[in-house]
Structures are given as structure tokens and as C-alpha cells.
J.: 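What follows is a structure written as C-alpha cells; I'll ask about it next.
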There are 2 protein chains.
Amino acid sequence: MTTRGRPRSFDRGKALARAMELFWAKGFDGTSLADLTGGLGINPPSLYAAFGSKEALFLEAVALYGETEGSYIWKQLDAPTAREAVERFLRASAIAFSRRGKPRGCLVILGALHPSESNREICRRLREFRAQNKVVLEDRLRRAVAEGELPEDADCSAMSSFILAVQMGMSIQARDGASRDELILTAEWATRNWFIPKVDNVASDFARQVAAKRH
Amino acid sequence: MTTRGRPRSFDRGKALARAMELFWAKGFDGTSLADLTGGLGINPPSLYAAFGSKEALFLEAVALYGETEGSYIWKQLDAPTAREAVERFLRASAIAFSRRGKPRGCLVILGALHPSESNREICRRLREFRAQNKVVLEDRLRRAVAEGELPEDADCSAMSSFILAVQMGMSIQARDGASRDELILTAEWATRNWFIPKVDNVASDFARQVAAKRH
DNA sequence: CCTGTTATGTAGTGAACGATACAGAATGGC
DNA sequence: GCCATTCTGTATCGTTCACTACATAACAGG
């Protein structure tokens, strides 16, 4: 009982990949069924038979995004030190958000921001992904504390929120047309001074010293 | 010839303020005319007579946002030093993005991210506002260079991109439900170490020294 | 009063939305 | 050959979209 009935006339994987790009470029609400059927070269009944609904297709598209671009970005956290991990993570984000011929920014970040009656579940799921991603990054920072790379009292939650805020901002800037080099500069700026314990204004004092020494 | 004809039965200013909140909460595409007429308590012909179109109403709403929340955020750049200016700017953003009883995040940042046939002009205008805002911030940083607060070779463009990326990210995090305190922590982290000239890894060396001294 | 002007409420417009009913086409199993 | 099964194209479904035609209501000026 393997393949009974009329065979599918299109490549489901390729269709999913194309749907991912459409959702990535236009968001969930901005992508109409007409966009999908037009872009995939199939008719509505074929789409519904293969994927179930627009919502289910979107969720499959997000899963595919996670296995491709998402994986490329998040595997950077495997770097030996947390500092390298975060530097590479943000750099990889800058690169993934500005690929030639691909939509700019991140599907998980920009796919559905405003909840409405029709996309509430989609919004919730993307939000869950983002929350889970924060846990992953925060855990990586906690490991750095355990390994002595970061001080015991480092606020890993605040650090990870900050790093992800930069990534989210880069996503919007990519969408606004920022070049890859500009995105990379933003990424580098975020980790430029890495972690300096907060001893009242010692950092700016230090900055003044260094600045003075250079003249 | 001041007030001929039947007088308007609603307060145009209050209606505009209410429309601003609706657009702010749901975005341009996510706010239907039914949402607007329902929220404003008027019928479509009254809305069109008073504001012209959904698009024109949105642009007026953005202008109002700029005069209220936008003004509150951007006037912080008047602080005497650039460091204070940026710290206050991001802190004010965190506060404005998390007001009780108001939509979370920023109308200019989140109002319309994905261009489509119907919102292309809106998207373009918001993008213009964001680009103009970057110019304003970058100019403030250049002033700091001229005044000697920042070194001559400071990359004001990259700095302002970075700061605005953090602000954009905070906007999404606010929308994701981050508390005001979390947003403020993110903001503070962004300026925690402020400007340290980039002399190969001197910052992390410094961090290690400080960390060692504390034990 | 009457007239001109402006705003209002009712009730729609055509178009696009996501999703389907249905009949016919293409396969495997017998 | 014939049936059960699955997919395909055509032609919609009912709903919602932004927007408006039209008759009437409420004012100012005369």
C-alpha cells in the first residue's frame, strides 16, 4: 500500500521550499493563497491536499527555515568560548539576513508580529520559537559562567536579551535595505567590548585613558 | 464662513488618537476599516469625510505618534553628553514601549514591515522616518566627536546603526511580552561599556584584569 | 421661512480573501 | 477490464476587504 491513486504532479519538497521563500519575503498575512498557488505553480486543491491549510504550510515552512538558515545561525554557539560564540552568532545572522536572491531578515522574527483573529496561533508559535531561542543562548552564557569565562554574577538573562535584541534589530535593518557590511558592523559593535564587570564607570575611565594614550 | 453645514458629530482629535492606538496595536494591514469605524464609533462615510482614506488616516496617526511618544524618546538626545543622550534615549524607548494600557513597541518600527501592493507607500514612508531618525542620532554622535567626547575616528554611522538595532529589537521584545524592567536591562546593556577605542582585544584583557582584581 | 452646504446612516459596490464541491484523470491491485 | 484510491483543474463558496452612492439630517446665511 505504498503509492495508490493518481501520483502527485509536483515536487512537494521544492514546493515547500518555494512557499518558505514567499512567507519569508511577505510574512504570513502578506502572503495570499493566490501568491502561493501562483508561486508554486499549482491549484488550491493540490495545495490543500499536500499541506492541509495555509497555516500548516507556514508551520512546515518555519520548520524548514529552522533546519537551514536557523541551523546555520545557531550552530555558531558551539564555538569554544562564549565570546566567539556570540560574535559568530551575530555575524552569521548578518550574513543569513542579507543573502543575494533570498528575502532579507529572519522568517521567525518577521513572519507574524501583529496578532489577529486569523494568525493568532502562528503568532504564538513564532513567539515560542523566539522564547526557546533565548533559552538556548542564555544556557550557552551560563556555561561560560560555569567555565570561568564570565564572572559568577554575570546577568546571563539580560545579556541574552540584549544580544537577541541586536539580532532582531538587524532583521529589520536588513529589511530596510542595510547592506551586509552595515549589518556586520552592527553585529561587531554589539560584542566590541564584550563583558566588562560593572564597577562604576570604570569602563569610561578606561576609555579615556586609552584615548589619551593614543595622542 | 467658518462653520457652514451640518457640524461634525465626533471629536476629530480624539478619533485620531484612537485610530493611532489601533494602528499601533495591530499595524496598518492588521487594522481593518471595520476595526477603525468600530473603535472610533463612527461610520465609514464620516471617516472618509474627516480623514480621506485609511492611508491618509494612518499617516496622520504616525504624525501624532511622532509628536507624542516620538518626541518623548528623541528629545533625550539633548542631554549634555552623547553617552547620557544615548542612555536616556534607549531608556525612554524602553519606557515608551511598555506603557500600561498602551500598545507595546513602536508604531514607526512595527507599523508596516512587509511591503505589499496595498501598503507600499506606507512602508516607504515609515522606512523614510526610520532613515531620518538614524541621521538625527548620527549627527548627535558626530557632535560628540567634534566636542572631543568621542575619538576622531569613531564610526558614528556604525554606532548609530547599532543603537537603533537595539531599539528595534526592544520594540519586538516589548511586543513579545518583555517587562519594562527587562527592556531597561537590554537598553542598559547596550551602553554599559560605551565607547572603547578598538585596540586589539584590549577590552577583554581589561575585563580579565578587573575580574582578577575582584577575587 | 427657504436655500446652500456639510455630515450622517443605510446599504450597498466590486475585488480579494481562505477554503471547497465536483467531476474527471491517473495510478495500483485484482 | 474494472474497481478503489488519490490527485488535478474548473468553478466556485461565503466572508471580509476598502470604499462609496444616495437620501436625509443639521447647521449658517439670507
J.: Please lay out, stage by stage, how F97(B) and Q173(B) fare under the test side-chain contact (heavy atoms from CB on, under 4.5 Å).
T.: CA-CA 9 Å; F97(B) 294 173; Q173(B) 289 179 343; over 6 Å; no
J.: What is the distance, to the nearest angstrom, from the NZ atom on K54(A) to the P atom on dT20(C)?
T.: 14 Å
J.: Phosphate oxygens OP1/OP2 of dT8(C): is one of them under 4.0 Å from a side-chain N or O of N43(B)?
T.: no
J.: If I take atom CG in residue L47(B) and atom P in nucleotide dG9(C), what distance separates them, rounded to the nearest angstrom?
T.: 12 Å
J.: Using heavy atoms to find the nearest nucleotide of DNA chain C for G41(B) and G5(B) separately, return the residue whose nucleotide is more 5′.
T.: G5(B)
J.: What is the distance, rounded to the nearest whole Å, between atom CG of N119(B) and atom P of dA16(C)?
T.: 16 Å
J.: Looking at every strand, decide which applies to P7(A) at a 4.0 Å heavy-atom threshold: base, sugar-phosphate, or nothing.
T.: sugar-phosphate
J.: With R8(A) as the cation and F10(A) as the aromatic partner, state whether NZ or CZ is under 6.0 Å from the six-membered ring centre and within 45° of the axis.
T.: yes
J.: Can you tell which of dG29(C), dG9(C), dT20(C) lies closest to the side chain of P44(A)?
T.: dT20(C)
J.: Find the distance Y48(A):OH to dT12(D):P and express it as a whole number of Å.
T.: 19 Å
J.: Rounded off to whole Å, could you give me the CZ-to-P distance for the R8(A) and dG9(D) pair?
T.: 13 Å
J.: I need the CG-C1' distance between D29(B) and dC17(C), as an integer number of Å.
T.: 13 Å
J.: Would you say S9(A) places a side-chain N or O within less than 4.0 Å of OP1 or OP2 belonging to dC7(D)?
T.: no
J.: Among dA11(C), dA28(D), dT10(D), which is the nearest nucleotide to the side chain of T3(B)?
T.: dA28(D)
J.: Considering every strand and a 4.0 Å limit on heavy-atom distances, what is the contact class for P45(A): base, sugar-phosphate, or nothing?
T.: base
J.: Where each residue is assigned the nucleotide of DNA chain D containing its nearest heavy atom, which of D35(B) and R6(B) is assigned the position nearer the 5′ end?
T.: D35(B)
J.: Give T31(B) one of three labels, base, sugar-phosphate or nothing, depending on what nucleic acid heavy atoms sit under 4.0 Å from its own.
T.: sugar-phosphate
J.: If the cut-off is 4.0 Å, is S46(A) near the phosphate of dT8(D), judged by side-chain N/O to OP1 or OP2?
T.: yes
J.: Tell me which nucleotide among dT8(D), dG4(C), dC19(D) gets nearest to the side chain of S53(B).
T.: dC19(D)
J.: Starting from C1' on dC7(D), measure out to CG on D11(A) and report it in whole angstrom.
T.: 16 Å
J.: May I ask you to check if R99(A) and Y72(A) form a cation-pi contact, with NZ or CZ under 6.0 angstrom from the six-membered ring centre and within 45° of the axis?
T.: yes
J.: Which residue lies toward the 5' end of DNA chain C, G52(A) or S32(A), if each is placed at its nearest nucleotide?
T.: S32(A)
J.: Looking only at heavy atoms, what is the nearest atom pair of L141(B) and L150(B), with distance?
T.: O-CD1, 4.0 Å
J.: Compute whether any side-chain donor of one residue and acceptor of the other, for K134(B) and S157(B), lie under 3.5 angstrom apart.
T.: yes
J.: Atom CZ of R12(A) and atom C1' of dC7(D): how far apart are they, to the nearest Å?
T.: 14 Å
